[in-house]
Amino acid sequence: MEETLKQILIEMQDMKKEMNQRFDSVDERFNELNHKLDVIREQTAANSEIHSPVTDIQKQVDDLATDVKLIKRAVTNQ
């Protein structure tokens with residue numbers, strides 16, 4: 001009986017080691033995913049900061065294109 005209990009204890013200890021290894025592996029993967037998520041957040045923030053000035057410049061270009069068309073019409077109609 002005692003030998004059987006010792007064998008069960010050994011098996012349980014082995015299972016505990018295996019589970020700890022698996023948890024370590026899962027923790028490592030979560031850390032990698034968190035790092036990747038942080039990088040994506042930084043890229044998204046940077047893209048948002050760049051997008052606003054680009055949109056403003058595009059509007060200015062569109063306005064200038066309209067002005068040029070009006071000036072061309074005014075010059076050609078004289």
N/O donor to acceptor pairs below 3.5 angstrom from side-chain atoms of residues 11-21, sequence neighbours left out:
from, atom 1, to, atom 2, distance (Å)
Glu11, OE2, Gln7, NE2, 3.4
Glu18, OE2, Arg22, NE, 3.4
Glu18, OE2, Arg22, NH2, 2.7
Asn20, ND2, Lys16, O, 3.4

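- Between the CD atom of Glu28 and the CG atom of Leu33 there is a distance of 11.0 Å, given to the nearest 0.5 Å.
- Residue Met1 holds its CE atom at 5.0 Å from CG of Leu5, rounded to the nearest 0.5 Å.
- Salt bridge absent: Glu32 and Lys36 never bring a charged side-chain N and a carboxylate O closer than 4.0 Å.
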Cut-off 3.5 Å, no hydrogens considered: what does the side-chain donor-acceptor table look like for residues 57-72, sequence neighbours left out?
from, atom 1, to, atom 2, distance (Å)
Gln58, NE2, Asp62, OD1, 3.0
Lys59, NZ, Asp63, OD2, 3.3
Thr66, OG1, Asp62, O, 3.0

